Amino acid sequence: MLEKNFDPKSAEPRLYSAWETSGAFAPTDDPAAEPFSIVIPPPNVTGSLHIGHALNNTLQDVLIRFERMRGKAALWLPGTDHAGIATQMVVERQLAAQGNIGRRDMGREAFIAKVWAWKAESGGTITNQLRRLGASCDWSRERFTLDEGLSAAVRKVFVTLHKQNLLYRDKRLVNWDPHLQTAISDLEVEQREVDGHYWHFAYPLEDGSGEIVVATTRPETMLGDTAVAVNPADDRYKDLIGRAVRLPIVNRPIPIVADDYADPEKGSGAVKITPAHDFNDFQVGKRHSLPMINILDDFGRINANAPSDYQGLDRFEARDKVVATFEALGLLRAIEPTRHAVPHGDRSGVVVEPYLTDQWFVDAETLAQPAIRAVEEGRTVLEPKAWEKTYFEWMRNIEPWCVSRQLWWGHRIPAWYGPDGTIFVEETEAEARAKALEHYGHEEPLRQDEDVLDTWFSSGLWPFSTLGWPEQTSDLARFYPTHTLVTGFDIIFYWVARMMMMGLHFTGEVPFQRVFFNALVRDASGKKMSKSKGNVMDPLELVDDYGADALRFTLTAMSGQGRDIKLSTQRIEGYRNFGTKLWNAARFCQMNGCARLADFDPASAESALNRWIIGETRKTAQAVTEALAGCGFDDAANLLYRFIWNTFCDWYVELSKPVLTGADEGARQESQAVAAWVLDVILKLLHPIMPFLTEELWAQTADLGAARPEGMLISALWPDLPASLVDPIAEAQIGLVIAAISEGRSVRAELNVPHSARPPLLVIEASQAQQAVLTAYASVIVQTLRVSELKLEAIAPEGAIPFVVEGATLALPVAAFIDLAAEKARLAKEIAGHAADIDRTARKLGNPDFVARAPEEVVEENRERLAEAEATRSKLESALRRLEAVV
RNA sequence: GGACGUGUAGCUCAGCGGGAGAGCACCUCGUUGACAUCGAGGGGGUCACAGGUUCAAUCCCUGUCACGUCCA
C-alpha cells in the first residue's frame, strides 16, 4: 500500500542514483535512433545554482526526457565555464578575506594554482545542485572550458582566425576597467544614469584676443585635450578655425578644428577633444591627425603626461583639482547639473574609461554575415520569433570584438613576441619557436603574450568543442549540429551570436537548429535578480521545502514565452499539492484493485465512462506531445494539471466509485484495467516535468497486474495513441451526467438545502437517449448528488425546483427544506441572464449584414444558441409561475 | 533619443477576430475510508485610454498614457 504522501527527501536521491547507474542518461547506441542533442549553457564552475539556472535547466530536462522517451538518441551534454573575470574576482576576494598576499605579489603561477584549488574544492557544487533538480545530463561527457581538449580547440580557432586575417592585434580605444585593470568588451559595459555636472570652462585664445567656452562632464580629461572642435557651419566660430587656444593648467597650445561632430545646438557649440579618452573624440582625432595623449595609468590614476602636481592622483581627485584650478584662474564659467549615462564595468561596478591600448580583436563583421544568413534562411530558428529582430539588429551593426583580457585565469593567448616585437601566432610554443628560427635565422628568446582570452571566446566554441572538435569524433558526427539550445535572452549577444559565428565558420554548419529563449526570473519589482542586489531566491531551499518536482512544475507552468517570471512560494505549494493529489489518486486505484491487464486494448472498453476517459487521455496525450515538441512548456504543464486534477480525479475517479465497489464483476474489472492504463499514461506524460514522483509511483505500482514491458519510467516509451480512441457518443453521454450533477449541486448549494436532505432527483422531460444515460448512471448520480433515488416523472410536483441541463428538465423536490423567496430570486436571476443573452443574439441574427457576411457555421451556431436559450427560458419561466402559484 | 515588450478578476498570469478563463486570495457549506497538501458551491472584470478597420474587436491598425527590458 502506498503511503499517504510522497516523500521527496528520501525518494529523490535514491531515484537519481538509480537513473544514473542504469545508464539512462547516456544516449542510446541504437544507430536507428534519431539523434537529439542539447548542450547546456555552461554555468560558472565556481558558481551555485540560482533560480534562473533552475528554470533554464528544468526546461532542458523536460525536453531531453521527452525526446528520450520518444525513442531518440537523446544527449544532454553538461559542463561548466571557467568564467575568467568572475572566478578570478571570487578567488582574489577570498585571498584578501583570508589575509593572504594579493595576486600580483603572489605571481601568476601561484595564483593560478590557487584558482585551480578553488575549482577543485567548489567546482562540483553546481553540478551536484543540477542533480538535485533532477537534471538527466550525460555526466560521462561532462566538459570544462579549460579542459585540454577544449583548450586545444581554442588555440586552433585563434591561430586559424589569425592566419585568415580575421583576428588581429591593434591599438584602439577600449573600455578599460581600472578596478580589474583589464580591457572589457562593449557588452560588459553597463550604462548607468547618474547625476553629474556640466562644467563650462573658458579656454583663452592663444593671441589673447578672447576665449572659447567648452563644457564637459569629465573635467580631468582636459589634461589630455589636443584640440577644440567647432562646427564648420557655425558662424560664431568661422573666424577662429585654424587658430589656437592655450590649454589652461597644461599650458599647451591646441588648435581649433572644424568638424561636424560639434553640434551648434549643444552648449556653446564648441567641444573639447580628448582623442585618447573618448570614443567620439578618437574619431575626430583621427580625421584631423591630432596627437593622442594618454593621461591615465592602468589604475585610473593620472600619469606622467600631465603636469607634475597631478601625477599619481586618482581620476576623481584630479577632477576636483581641475575644477578648483579653473575656478581659481577665473576660467570657470558655469556649473550645470545634469543627469547622464556613465559607463560602468558590469563585474566591478566601477566607472570604466576609454583607454588606448594594444589588444586582440576579432573581425566580427565578417564572421557575422553567414550567421545572419543562417537565421534569415531558417536554418536556425529563434523562439520566440521576436528575438530574431534583436539578433539581426545587433549582427548588422556589429563592432570588432576585443577578445584579450589582462587577467590570469583563462586561455592564455597563443602569441609569442620576438625581441624586435615580431609576433608569432601558433598553437604551441614549439611551433612558434620554429617560426621564429625561420624568421630570424637563429634562436631568439620569445615571450608569450601575458593576456588571456575573453571567456566568451571559448564559450563560443561550446557546441562543437564539447563534442570533440577539432577531432572528427563520432559524437561530433552524430550530435552536431545540436538540436535545441535553451538559454536566456540576456546572453543572446554574448553567447548565442558568437556560437553562430564560430560554429558556421569552423564547421560550416549552424551550431543548433533551434534556440529557445526562456523567460527571465525577476524579483517583485521586475528587476533582474543578481547577487549584488541581494534579491536572489535559492532554488535549493525551495527543493528542500517542496521537493524538486514542485519547483520544476512551477517553473515549467510559468515559463510562458516572452514574459518575466515572478516566483511565489504559494504557487510552488499549489503544485506540490498537485503532486499529492496524483499520488492519492494512484493510492485510491491501488486500494480498489486497479491493475494492468496483459495486452490491454483501450479500444475494447465498453462502458461510456471508460470510453470517455480513454478518449480524454488520448486528447491530452496528443496535446501535450504537440506542446512539448514546439517548446510550449507552459501549455504542456497546464494541460496535464487540468487533465489529472479536474478530469481524472474530480470526475473519472468519482464516477468510477460505484462501479469499482459494485456487484457487476465484468464492469468492475474493465474499470480496474482502464484506471490502471490511464494512470500509466499519466505517469509517462507527466514524467518529463515531475520525474521523481512519477518514477516513484511507477516503481510502487510495478507489481499491480501484468508486468510492464519497460523497466524504469525514465526509459519508458512515450504514449502514441490513435485518434480513434476518442468516442463522441461516450463524450456526450458522460457530458450529460457531469452537467446534471454539477447543476444539481449548484441548486442545492444556492438554496441551502441541508446536507442531510435526501430528496429524489426527478427527470421531468428528457429525450429517450438522455433518459437511458441518466438511468444507467443513476447509482453514481444518487451517490454524488446525495439524493435518495433517480425517478422519471411526467410532471413536476408542486414545489419541485427544476433545472435545465442540455435541454432536459430535472427537478429536486426540496420545497420543504428551502426558502421559497430565495428560490424565486434564483430563478428570476437566471431568467434575466438568459433574457440578456437572447436579446443580444436575436439582435445579431436580425442584422442582415451579419447573416449575409458571417461564415455559415457562425450564423448557425448563433441560431442554435438562441433556440436553446429561449427553450431554457420558457421552462424556467413556467417553473417560476408554478412557484408563484404555490406561495 | 531608438528598438522591443507588457497593461485582462484583489494578486500572479492564460486566452488573442464570433458571448471573458485558471491558480492563489476571499465568502458559504462539508470529517460520504484516495487525498483537509482535500471536496462542493459562490462573489468578483465598460479585457489601460481614445480613435479606426470589420457584419462582429479584449484580440487587428493608429495614437495617447503607464510600466519594463535592451541599445545609443
Side-chain angles (χ1 to χ4, degrees), chain A residues 1-6 186-187 189-191 279 341 343 384 386-390 392-394 397 489-490 492-493 519-520 522 524-528 546-547 550 554 557-592 594 634-635 637-639 641-642 645-646 649-650 653-654 656-657 660-661 675 741-756 783-786 833 836-837 840-841 843-855 857-859 861-862 865 869:
Chain A
M1 169 72 76
L2 286 168
E3 295 294 320
K4 248 180 132 175
N5 288 308
F6 172 59
D186 298 343
L187 283 175
V189 175
E190 207 174 89
Q191 300 292 336
F279 287 99
W387 290 109
E388 294 190 352
K389 195 168 176 182
T390 307
F392 288 136
E393 189 67 20
W394 164 259
N397 297 294
F489 53 77
D490 53 329
I492 184 171
F493 307 138
L520 229 53
R522 293 176 190 275
S525 58
K527 297 270 182 289
K528 199 169 154 178
Y546 303 101
T554 307
M558 295 180 76
S559 69
Q561 304 185 354
R563 197 183 264 277
D564 303 333
I565 296 179
K566 289 170 201 158
L567 204 56
S568 77
T569 52
Q570 250 184 353
R571 193 86 180 223
I572 304 171
E573 204 179 312
Y575 289 127
R576 188 266 323 265
N577 296 355
F578 167 67
T580 306
K581 185 74 183 176
L582 173 60
W583 182 271
N584 279 287
R587 188 160 173 266
F588 169 84
C589 290
Q590 186 188 31
M591 289 168 69
N592 285 279
C594 298
D634 54 336
D635 290 342
N638 291 323
L639 282 161
Y641 184 94
R642 282 196 298 272
W645 200 317
N646 304 123
C649 294
D650 287 350
V653 167
E654 291 304 321
S656 296
K657 280 177 179 174
L660 290 170
T661 56
I741 293 171
S742 296
E743 272 305 306
R745 280 171 170 168
S746 185
V747 168
R748 283 190 72 128
E750 276 189 55
L751 297 176
N752 292 316
V753 174
H755 199 64
S756 55
Q783 188 171 328
T784 316
L785 205 46
R786 300 179 65 74
D837 195 24
R840 250 175 310 179
T841 312
R843 216 165 344 132
K844 190 183 268 190
L845 286 165
N847 178 351
D849 278 337
F850 172 72
V851 179
R853 311 183 84 142
E857 60 269 25
V858 175
V859 177
E861 194 187 310
N862 275 276
R865 196 197 320 250

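Because only heavy atoms are used, hydrogens play no part in the values below, and waters and symmetry mates are left out as well, while side chains stay in. Naming convention: chains lettered A, B, ... in sequence-line order (proteins, then strands); numbering from 1 in each chain. Keep in mind that what you see is a predicted model, and the values were worked out from it rather than measured.
Among the heavy atoms of the strands, none lies under 4.0 Å from P848(A). Nucleic acid contact class of R587(A) (heavy atoms, under 4.0 Å, all strands): sugar-phosphate only. Among the protein residues, C649(A) comes within range of the nucleic acid bases, having at least one heavy atom under 4.0 Å from a base atom. No engagement by T390(A) is indicated, since no non-hydrogen atom pair under 4.0 Å with the nucleic acid exists. Q590(A) comes within contact range of no nucleotide atom at all, as no heavy-atom separation falls under 4.0 Å. Heavy atoms of R748(A) sit nowhere under 4.0 angstrom from any nucleic acid atom. Across all strands, D635(A) comes closer than 4.0 Å to no nucleic acid atom at all (heavy-atom distances). Within the nucleic acid shown, E393(A) has no heavy atom closer than 4.0 Å to any nucleic acid atom. A854(A) comes within 4.0 angstrom of a base, heavy atoms only.
Set against G41(B), C35(B), U12(B), the side chain of R571(A) has U12(B) as its closest nucleotide. Listed nucleotides: G41(B), U37(B), C35(B). Nearest to the side chain of A749(A): G41(B). Closest approach to the D849(A) side chain among C35(B), C55(B), C71(B) is made by C55(B) (side chain taken as heavy atoms from C-beta onward). Here the nucleotide nearest the side chain of K389(A), chosen from A3(B), G18(B), U32(B), is A3(B). Minimum atom distance to the side chain of E750(A) is reached by G42(B), of the listed C4(B), C35(B), G42(B). Set against G23(B), G30(B), G39(B), the side chain of D650(A) has G39(B) as its closest nucleotide. Closest to the W645(A) side chain, of the nucleotides G41(B), G39(B), U32(B), is G39(B). Distances from the side chain of N847(A) to the nucleotides C55(B), C38(B), C13(B) place C55(B) closest. Nearest to the side chain of K566(A), among U12(B), U37(B), A34(B), sits U12(B). Among U37(B), C35(B), G18(B), the nucleotide with an atom closest to any side-chain atom of R865(A) is G18(B).
Rounding to the nearest 0.5 Å places CD of Q570(A) at 12.0 Å from OG1 of T554(A). For the atom pair CE (M591(A)) and CG (L660(A)), the distance works out to 11.5 Å, reported to the nearest 0.5 Å.
For C59(B) and A48(B), the C1' atoms lie 15 Å apart once the distance is rounded to whole Å. Separating the P atom of A3(B) from that of U64(B) is a span of 12 Å, rounded to the nearest Å. Taking the P atom of each, G42(B) and C24(B) are spaced 16 Å apart, rounded to whole Å. Taking atom C1' on both C26(B) and G33(B), the two are 31 Å apart, rounded to the nearest angstrom. A36(B) and G43(B): their C1' atoms are spaced 23 Å apart (whole Å). Taking atom C1' on both C67(B) and U31(B), the two are 48 Å apart, rounded to the nearest angstrom. With P as the reference atom, C13(B) and C71(B) are 23 Å apart, rounded to whole Å. Rounded to whole Å, the separation between the P atoms of U8(B) and G68(B) comes to 15 Å.
OP1 or OP2 of G33(B) has not a single side-chain nitrogen or oxygen of K657(A) nearer than 4.0 Å.
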**OP:** Toss me the dot-bracket line for RNA chain B: Watson-Crick and G-U wobble, both under 3.5 Å, 5' to 3', using | for pairs to another strand and [ ] for crossers.
**Re:** ((((((((.[[[[.)..(..]]]].(((((.......))))).....[[[[[..)....]]]]]))))))).
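Residue whose closest nucleotide on RNA chain B sits further toward the 5' end, between R786(A) and W394(A): R786(A). Residues Y575(A) and A586(A) both approach RNA chain B. Their nearest nucleotides, taken by heavy-atom distance, put Y575(A) toward the 5′ side.
Nucleotide G41(B) holds its C1' atom 15 Å from the CD1 atom of I741(A), rounded to whole Å. Atom P of nucleotide U32(B) and atom CE of M591(A) are separated by 14 Å, given to the nearest angstrom. Separating the CZ atom of R843(A) from the C1' atom of G18(B) is a distance of 16 Å, rounded to the nearest angstrom. We find that CG of N577(A) is positioned 8 Å from P of U37(B), with the value rounded to whole Å. In this entry the distance linking CG of N5(A) with P of C35(B) reads 10 Å, nearest Å. Protein atom CZ of R853(A) is 11 Å distant from nucleotide atom C1' of A56(B), rounded to whole Å. Between the CG atom of N752(A) and the P atom of G41(B) there is a distance of 15 Å, rounded to whole Å. Spacing between atom CG of D634(A) and atom P of G23(B) amounts to 16 Å, rounded to whole angstrom units.
Using a 30° and 60° split on the angle between ring planes, W645(A) and Y641(A) fall in the tilted class, from 30° to 60°.
E573(A) has its side chain out of reach of T569(A): every pair of non-hydrogen atoms, C-beta onward, lies at least 4.5 Å apart. Contact of the V653(A) side chain with the F588(A) side chain is registered, since non-hydrogen atoms from C-beta on lie closer than 4.5 Å. The side-chain heavy atoms of T784(A) and R745(A), taken from C-beta on, include a pair separated by under 4.5 Å. With contacts defined as side-chain heavy-atom distances shorter than 4.5 Å, the pair E750(A)/V747(A) does not qualify. A 4.5 Å side-chain heavy-atom check between M1(A) and R587(A) finds at least one atom pair inside the cut-off. A heavy-atom distance below 4.5 Å is not found between the side chains of F489(A) and T390(A).
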Which atoms of nucleotides 9-11 of chain B (N or O only) lie under 3.5 Å from a protein N or O atom, and what are those distances?
none

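If you check distances only, the side chain of E654(A) does reach the base of A34(B) with a donor-acceptor pair under 3.5 Å.
Comment: E393(A) does not engage K389(A) in a salt bridge, judged by the lack of any side-chain N to carboxylate O separation of less than 4.0 angstrom.
Counting only distance, with no hydrogens or angles, the side chain of N847(A) and the backbone of R843(A) share no donor-acceptor pair below 3.5 Å. Not a single donor-acceptor pair under 3.5 Å links the side chain of R571(A) to the backbone N or O of M558(A).
F6(A) meets the ring-ring contact (aromatic ring centres under 6.0 Å, His included) test with W583(A); sequence neighbours excluded.
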